Structure formats: C-alpha cells, structure tokens
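To start, the structure itself, in structure tokens.
The structure displayed is predicted, hence computed values, not measured ones.
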Amino acid sequence: MVDTTPLTRAVDHFADRLRAAPQSRLQRSAAAEALALARELARWAQHVEDPSAEPREMPDAGMFAAADQILVAAHDLAVVLESDDEVAEAVRLVEEARKKAGV
C-alpha cells in the first residue's frame, strides 16, 4: 500500500489557504487554479480506474467550493495511486497550483 500522507498534507494546506483567502483573491485566480487542479486530479483518477472510459469533467461549483473540490478529487486519486512516484507527482501538481493561485 502506498503512503499518500504527503498528498493529503499538501491538499489540506492548499484547501486551508483557499478557505482563508479573501474573496478578491478567489475571484482573481485562486478559485480558477483550484478548479483546474481538481479537474486534473479527477481525470487522472478516472483514467486509472477505467482507461477506456471517457472522463467526466468536474463541474464548476463556484469559487467558495474550490477547496472542497480539490479535497474530493485528491481523495479519489489517493485511493488509486500505486507508487510513491505517483504520489510525488500529485504533490508536485498541488504545490504548483497553490503557487499559481497565490495562496
């Protein structure tokens, strides 16, 4: 079993920062970056679960749901990750999105 703790920590940190961010920051870029990350993580998880299926796109639930969306997507991905390298790649994606979001 793969240790997904680093992914959980990175996503929890990003989600906490999003929840603490002012609305103006969310409107500028943070929520959009979080949604893009959530969609990417969700596509990855769907592909691992069923590579032949057409991936479904995570809907835009609004800027105040962005933190929850990345948590859900990361949790779904963590369940299907099979190696430490995949966990490291997921953490890299989360950190990159957090920096782009400016939170």
Side-chain angles (χ1 to χ4, degrees):
M1 184 161 183
V2 177
D3 180 13
T4 59
T5 304
L7 176 57
T8 302
R9 285 184 182 146
V11 170
D12 285 348
H13 178 70
F14 190 11
D16 288 346
R17 299 292 301 252
L18 286 169
R19 287 186 180 115
Q23 184 173 346
S24 60
R25 171 80 45 132
L26 293 174
Q27 289 172 321
R28 276 194 304 255
S29 65
E33 285 298 331
L35 178 60
L37 173 67
R39 286 177 171 168
E40 185 172 0
L41 298 179
R43 276 192 302 275
W44 184 359
Q46 290 174 52
H47 177 74
V48 171
E49 290 177 328
D50 188 358
S52 64
E54 184 69 29
R56 298 167 311 280
E57 184 170 288
M58 182 174 282
D60 183 346
M63 72 177 130
F64 297 114
D68 293 328
Q69 287 184 289
I70 61 169
L71 288 169
V72 168
H75 179 269
D76 289 350
L77 180 61
V79 171
V80 299
L81 292 177
E82 298 176 344
S83 73
D84 291 336
D85 288 342
E86 289 176 331
V87 173
E89 176 62 14
V91 170
R92 186 192 66 73
L93 292 172
V94 171
E95 290 301 320
E96 183 178 293
R98 185 186 58 74
K99 288 176 186 170
K100 285 181 183 177
V103 294

Any [X] side-chain heavy atom under 4.5 Å of [Y] side chain:
| X | Y | result |
| --- | --- | --- |
| Gln69 | Leu41 | no |
| Val2 | Glu86 | no |
| Trp44 | Leu81 | yes |

With a 4.0 Å cut-off on N to O distance, would you call [X] and [Y] a salt bridge?
| X | Y | result |
| --- | --- | --- |
| Glu89 | Arg92 | yes |
| Arg19 | Asp68 | yes |
| Glu95 | Arg98 | yes |

Which pair of heavy atoms, one from [X] and one from [Y], lies closest together, and at what distance?
| X | Y | answer |
| --- | --- | --- |
| Ala90 | Leu7 | CB-CD1, 3.8 Å |
| Ala34 | Ala66 | CB-CB, 3.7 Å |
| Ala67 | Ala15 | CB-O, 3.7 Å |
| Arg39 | Asp60 | NH2-N, 3.6 Å |

State which residues pass side-chain contact (heavy atoms from CB on, under 4.5 Å) with Gln27; sequence neighbours excluded, sorted by chain then number.
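Counting only residues at least two positions away or on another chain, Gln27 forms a side-chain contact (heavy atoms from CB on, under 4.5 Å) with Gln23, Met63.
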For Ala101, what residues pass the side-chain contact (heavy atoms from CB on, under 4.5 Å) criterion, not counting sequence neighbours?
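Here the qualifying residues are Phe14, Ala30, Glu33, Val103.
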With the 4.5 Å side-chain cut-off for hydrophobic clustering, are [X] and [Y] part of the same group?
| X | Y | value |
| --- | --- | --- |
| Leu37 | Leu26 | yes |
| Val11 | Val87 | yes |
| Val72 | Leu93 | no |
| Val91 | Leu71 | yes |

Would you compute the distance between atom CG of Leu77 and atom CZ of Arg43 and round it to the nearest 0.5 angstrom?
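Between atom CG of Leu77 and atom CZ of Arg43 there are 12.0 Å.
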Report yes or no: do Asp85 and Ser83 form a side-chain donor-acceptor pair below 3.5 Å?
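There is no such pair (donor and acceptor under 3.5 Å, judged by atom type) between the side chains of Asp85 and Ser83.
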